[in-house]
Number of protein chains: 2
Amino acid sequence: MASIRDVARLAGVSTATVTRALRDEPSVAPKTKERVRAAALRLDYVPSAAARALSNGRSTLLGLFVPDIVNPFYAEVAQGMEDRAAQARYHCVIASSHLNRERERQLLTSLQDGTLAGLAATTVGTDEAFTAALSAMPGPLVLVDRRPRGLKAPLVRTDNRKVTRQAIRGLFEMGHTRIAMISGPQDFDTACQRLSGFRLAHRDAGVPVTERLIRHGHVGESGGYEAMTDLLALRPRPTAVFCFNNLVTVGALKAIRAAELTIPTDISLLAFDDMSLFPLVDPPITAIAQPAYEMGRAAADILLRRLDGENGIDDSVLPATLIQRGSLGPPRPHD
Amino acid sequence: MASIRDVARLAGVSTATVTRALRDEPSVAPKTKERVRAAALRLDYVPSAAARALSNGRSTLLGLFVPDIVNPFYAEVAQGMEDRAAQARYHCVIASSHLNRERERQLLTSLQDGTLAGLAATTVGTDEAFTAALSAMPGPLVLVDRRPRGLKAPLVRTDNRKVTRQAIRGLFEMGHTRIAMISGPQDFDTACQRLSGFRLAHRDAGVPVTERLIRHGHVGESGGYEAMTDLLALRPRPTAVFCFNNLVTVGALKAIRAAELTIPTDISLLAFDDMSLFPLVDPPITAIAQPAYEMGRAAADILLRRLDGENGIDDSVLPATLIQRGSLGPPRPHD
DNA sequence: TTGTAGGCGTTATCAA
DNA sequence: TTGATAACGCCTACAA
């Protein structure tokens with residue numbers, strides 16, 4: 001590996017001049033620049049990232065912590081973040097904790113050793129230690145999707161409440177009165193916001209919320225499956241369900257299948273989060289799509305701006321969209 | 001940020017001793033170690049990654065280049081790689097080129113600046129410059145899924161040919177004789193291997209391959225859609241299709257829907273690559289599942305071993321499995 | 001417009 | 001068992 005000194009020697013200048021020439025600074029004579037460039041090219045010179053990071057006191061790596069990179073929502077966030085980061089010649093270190101506490105702990109160290117210039121995170125739990133470490137991290141932090149209690153940092157999210165409220169209203173307009181919701185842990189603010197939209201829609205429609213139609217604390221496919229199974233055992237049965245995220249939807253879907261019920265005849269299904277295969281499911285699933293890719297871009301953008309010295313950056317709230325497909329229908333007359 | 005010197009001062013030792021003590025080397029007196037640890041703890045000392053990388057001449061970052069992190073296959077590879085890397089306290093930089101050449105070019109630089117200690121890559125095209133740069137990269141390289149022509153490096157893959165041969169045999173046993181295949185570009189060795197399995201199965205069954213039932217060069221959902229649409233226009237129509245990867249399958253599925261044909265009555269569909277929602281599609285899709293997660297782990301493992309000085313590492317071939325669901329059926333009698 | 005020189009924080013070598 | 005010290009490669013005052 002050729003170093004800056006080799007280039008300097010070959011070009012017959014000092015290392016300082018090499019740095020300046022390669023950065024195309026105006027203070028370098030054109031002819032000198034030319035010589036330096038030629039030398040660099042000939043030697044295949046590439047500045048060492050480590051040396052640069054050490055000298056600058058900052059790396060060009062952005063971190064993204066997500067619970068599960070296999071979840072397409074996060075994969076899209078990652079793609080968006082990466083694309084935006086690439087524009088600024090930054091790279092992304094993606095850490096998928098896989099809901100693993102031990103893993104999260106391990107990540108903390110890497111937060112502090114300067115590997116990362118900035119961090120975008122969607123945290124899993126309310127682990128105080130983790131939260132504290134996040135805010136103690138050197139360099140900017142941006143939260144994606146949800147904000148753990150007590151963490152001060154800009155947040156990129158969708159307008160959960162508003163979009164849910166509208167979507168649920170649609171259900172009422174179709175004639176539903178017994179709408180269930182499979183919600184997440186009460187300390188997920190996303191779950192709270194979606195639940196809040198759900199309640200608001202009830203109020204709008206003048207329909208009282210039946211608390212036992214709301215299932216809290218469900219996560220993942222298994223959570224969705226269990227909750228849905230429970231819900232289906234109720235009499236009278238709900239005529240529609242709203243699932244608070246993609247995995248829960250998949251679980252619920254499987255439970256409905258297992259119970260040999262038909263969507264939307266027996267029950268309507270509304271999903272929060274879209275998935276690429278939802279259009280192909282029987283029936284195609286109506287879903288509220290979050291702009292995951294854009295969220296990733298926005299997160300990177302905020303980080304980059306903070307790295308650039310910008311301050312006072314606010315939360316960024318992006319719009320979600322209801323995508324009508326075939327899983328919503330009117331309740332059966334006698335239902 | 002406390003530096004090693006601060007710790008040394010506080011503990012009343014030299015920086016060299018701090019390094020040694022913190023690494024728990026036996027050559028340090030227990031009492032000294034104790035003092036150093038206490039000092040480090042008190043100062044919240046975390047060794048700088050950049051300084052360490054510079055000094056060691058090597059980072060603790062593993063790179064993963066994939067065409068598209070949103071494709072669940074690659075997301076799972078990433079997860080596997082990350083998990084394995086984490087065990088060795090390495091992190092992963094995931095770069096998803098999104099099939100973007102410009103992006104690939106940009107990544108080349110980062111290969112050479114030492115950001116990455118090693119690299120796992122699934123390359124898109126046969127871009128010679130890119131391939132050359134890959135092999136010129138300092139540090140170990142491992143290929144995932146496919147090997148571009150002329151690149152020497154261990155490869156982690158599945159036994160494409162064997163599993164395809166078996167799966168297609170199943171189709172013959174059901175009575176199919178006109179089996180189509182939507183294949184990828186001829187310079188994808190995966191496509192070649194799967195195609196080869198397809199041909200072998202024909203030979204096994206004593207059925208000659210009808211070349212026009214084979215469509216080459218298709219990629220992505222749109223590729224699958226086009227190819228399938230073409231195929232469906234043929235008379236006599238094929239009674240089964242084999243799609244060489246997940247995205248192509250999705251496209252084919254949509255084309256079949258658009259043509260208002262029913263699976264498997266009108267046509268059977270066999271997918272290479274499984275997807276989490278395939279069980280929920282109408283009908284559930286029978287697929288050949290690659291152990292993507294394991295492939296990621298294997299890739300990281302190879303990198304780590306090479307980084308450890310191990311040499312002469314071979315390709316790693318993992319088994320794929322046929323998952324029977326509902327998209328395969330016998331051809332209609334008169335077909 | 002260019003060069004000199006010191007520092008970034010760690011590790012490794014050599015000597016004590 | 002410990003300490004000095006010289007790299008590692010780049011950047012940036014400051015000086016010329």
Side-chain angles (χ1 to χ4, degrees), chain A residues 1-37 39-40 43-61 89 109-117 138-139, chain B residues 1-37 39-40 43-61 89 109-110 112-117 138-139 307:
Chain A
M1 282 276 81
S3 89
I4 196 171
R5 263 187 289 270
D6 302 318
V7 179
R9 201 174 310 132
L10 182 59
V13 298
S14 73
T15 60
T17 301
V18 174
T19 302
R20 293 189 284 245
L22 260 22
R23 290 234 207 121
D24 206 15
E25 292 187 9
S27 67
V28 179
K31 291 193 71 168
T32 314
K33 261 184 203 169
E34 215 29 75
R35 254 184 312 141
V36 172
R37 284 209 193 108
L43 296 175
D44 267 330
Y45 169 68
V46 179
S48 144
R52 180 173 279 173
L54 179 58
S55 185
N56 289 334
R58 173 196 289 182
S59 81
T60 54
L61 255 27
R89 313 203 133 253
T109 308
S110 76
L111 280 187
Q112 290 166 184
D113 66 7
T115 300
L116 273 22
Chain B
M1 280 277 82
S3 88
I4 197 171
R5 264 188 286 271
D6 302 317
V7 179
R9 201 173 311 131
L10 182 58
V13 297
S14 72
T15 60
T17 301
V18 173
T19 303
R20 292 189 285 244
L22 261 21
R23 288 228 209 128
D24 206 14
E25 292 187 8
S27 68
V28 179
K31 289 193 71 168
T32 314
K33 262 185 203 168
E34 216 26 76
R35 253 184 312 142
V36 173
R37 285 209 192 108
L43 296 174
D44 267 331
Y45 169 70
V46 180
S48 144
R52 179 172 280 173
L54 179 58
S55 186
N56 287 334
R58 174 197 288 180
S59 80
T60 53
L61 255 26
R89 314 204 131 253
T109 308
S110 76
Q112 290 166 185
D113 67 7
T115 300
L116 272 23
L307 251 10

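What's counted below: heavy atoms across the whole structure, side chains too, no hydrogens, waters or symmetry copies. Numbers restart at 1 for each chain; the letters A, B, ... are given by sequence-line order, proteins then strands.
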Asker: If the condition is side-chain contact (heavy atoms from CB on, under 4.5 Å), which residues does A:Arg35 pass it with, not counting sequence neighbours?
Answerer: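 Expected list: A:Val13, A:Thr32.
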
Asker: Between A:Arg23 and D:dT12, does any side-chain N or O lie under 4.0 Å from OP1 or OP2?
Answerer: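 For D:dT12, OP1/OP2 do have a side-chain N/O of A:Arg23 under 4.0 Å.
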
Asker: Just how large is the angle between the end axes of the helix from C:dT1-D:dA16 to C:dA16-D:dT1, five pairs per end, to 10 degrees?
Answerer: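 Here the helix ends are tilted 40° relative to one another.
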
Asker: What's the shortest heavy-atom distance between B:Ser14 and B:Ala8, and which atoms?
Answerer: C-CB, 3.8 Å

Asker: Going 5' to 3' along DNA chain C, which are the first and last nucleotides with any atom under 4.0 Å from a heavy atom of chain A?
Answerer: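 Reading along DNA chain C, I get C:dT1 to C:dG9.
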
Asker: To the nearest Å, how far apart are B:Arg9 CZ and D:dA4 P?
Answerer: 13 Å

Asker: Rounded to the nearest angstrom, tell me the gap between atom CZ in A:Arg5 and atom C1' in D:dC8.
Answerer: 9 Å

Asker: Just jot down the salt bridge (charged side-chain N to carboxylate O under 4.0 Å, His left out) partners of B:Arg89, sequence neighbours excluded, or say none.
Answerer: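 Expected list: none.
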
Asker: Here's a test of your reading of the structure: between A:Leu54 and B:Arg35, which maps to the more 5' nucleotide of DNA chain D?
Answerer: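 Closest to the 5' end, via its nearest nucleotide, is B:Arg35.
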
Asker: What's the spacing between A:Leu116 CG and A:Leu111 CG if we round to 0.5 Å?
Answerer: 6.5 Å

Asker: Roughly how far apart are A:Leu10 CG and A:Leu43 CG, rounded to 0.5 Å?
Answerer: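 Taking CG in A:Leu10 and CG in A:Leu43, the distance rounds to 5.0 Å.
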
Asker: Rounded to the Å, how far apart are B:Glu25 CD and D:dT2 P?
Answerer: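 From B:Glu25 CD to D:dT2 P: 12 Å.
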
Asker: Taking only side-chain N and O atoms of A:Arg52, does any of them lie within less than 4.0 angstrom of OP1 or OP2 on D:dG9?
Answerer: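 No, A:Arg52 has no side-chain N/O under 4.0 Å of OP1/OP2 on D:dG9.
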
Asker: Could you tell me the separation between the CD1 atom of B:Ile4 and the C1' atom of D:dG3, rounded to a whole number of Å?
Answerer: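 Rounded to whole Å, this separation is 13 Å.
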
Asker: Sequence neighbours excluded, which residues qualify as side-chain contact (heavy atoms from CB on, under 4.5 Å) partners of B:Arg20?
Answerer: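 With sequence neighbours excluded, B:Arg20 shows a side-chain contact (heavy atoms from CB on, under 4.5 Å) to B:Ala16, B:Thr17, B:Glu25, B:Ser27, B:Val28, given in chain and number order.
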
Asker: Specify the separation, in whole Å, of atom CG of A:Asp6 and atom C1' of D:dC10.
Answerer: 13 Å

Asker: I want to verify a distance call: between D:dC11, D:dA7, D:dG9, whose nearest atom is closest to the A:Ser3 side chain?
Answerer: D:dG9

Asker: Quick one: side-chain contact (heavy atoms from CB on, under 4.5 Å) partners of B:Thr115, sequence neighbours excluded?
Answerer: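 side-chain contact (heavy atoms from CB on, under 4.5 Å) check on B:Thr115 returns A:Ala49, A:Leu61, B:Leu61, B:Asp113.
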
Asker: For the residue pair B:Arg58 and B:Leu307, establish whether any side-chain heavy-atom pair is separated by less than 4.5 Å.
Answerer: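 They are in contact (side-chain heavy atoms under 4.5 Å apart), so the answer is yes.
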
Asker: In this structure, how many angstroms lie between the P atom of D:dA13 and the CG atom of A:Asn56, rounded?
Answerer: 11 Å

Asker: Which residues pass the salt bridge (charged side-chain N to carboxylate O under 4.0 Å, His left out) test with A:Asp24, not counting sequence neighbours?
Answerer: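 Per chain and number, A:Asp24 pairs via salt bridge (charged side-chain N to carboxylate O under 4.0 Å, His left out) with A:Lys33, A:Arg37.
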
Asker: With sugar-phosphate meaning primed atoms plus P, OP1 and OP2, does A:Ser27 contact a base, only sugar-phosphate, or nothing at under 4.0 Å between heavy atoms?
Answerer: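 Here A:Ser27 touches the bases of the nucleic acid.
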
Asker: Pull out every residue in residues 10-18 of chain B that has a heavy atom closer than 4.0 Å to any atom of DNA chain C, ordered by number, or say none.
Answerer: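 Here the set is B:Ala16.
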
Asker: Round to the nearest Å and state the distance from B:Asp113 atom CG to D:dG9 atom C1'.
Answerer: 12 Å

Asker: Report the residues that fulfil side-chain contact (heavy atoms from CB on, under 4.5 Å) with A:Thr109, sequence neighbours left out, ordered by chain and then residue number.
Answerer: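 Applying side-chain contact (heavy atoms from CB on, under 4.5 Å) to A:Thr109 gives B:Val46.
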
Asker: Residues two or more places apart in sequence or in another chain: which of them pass salt bridge (charged side-chain N to carboxylate O under 4.0 Å, His left out) with B:Arg9?
Answerer: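 Counting only residues at least two positions away or on another chain, B:Arg9 forms a salt bridge (charged side-chain N to carboxylate O under 4.0 Å, His left out) with B:Asp6.
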
Asker: For B:Ser59 and B:Ala53, which heavy atoms make the closest approach, and how far apart are they?
Answerer: CA-CB, 4.1 Å

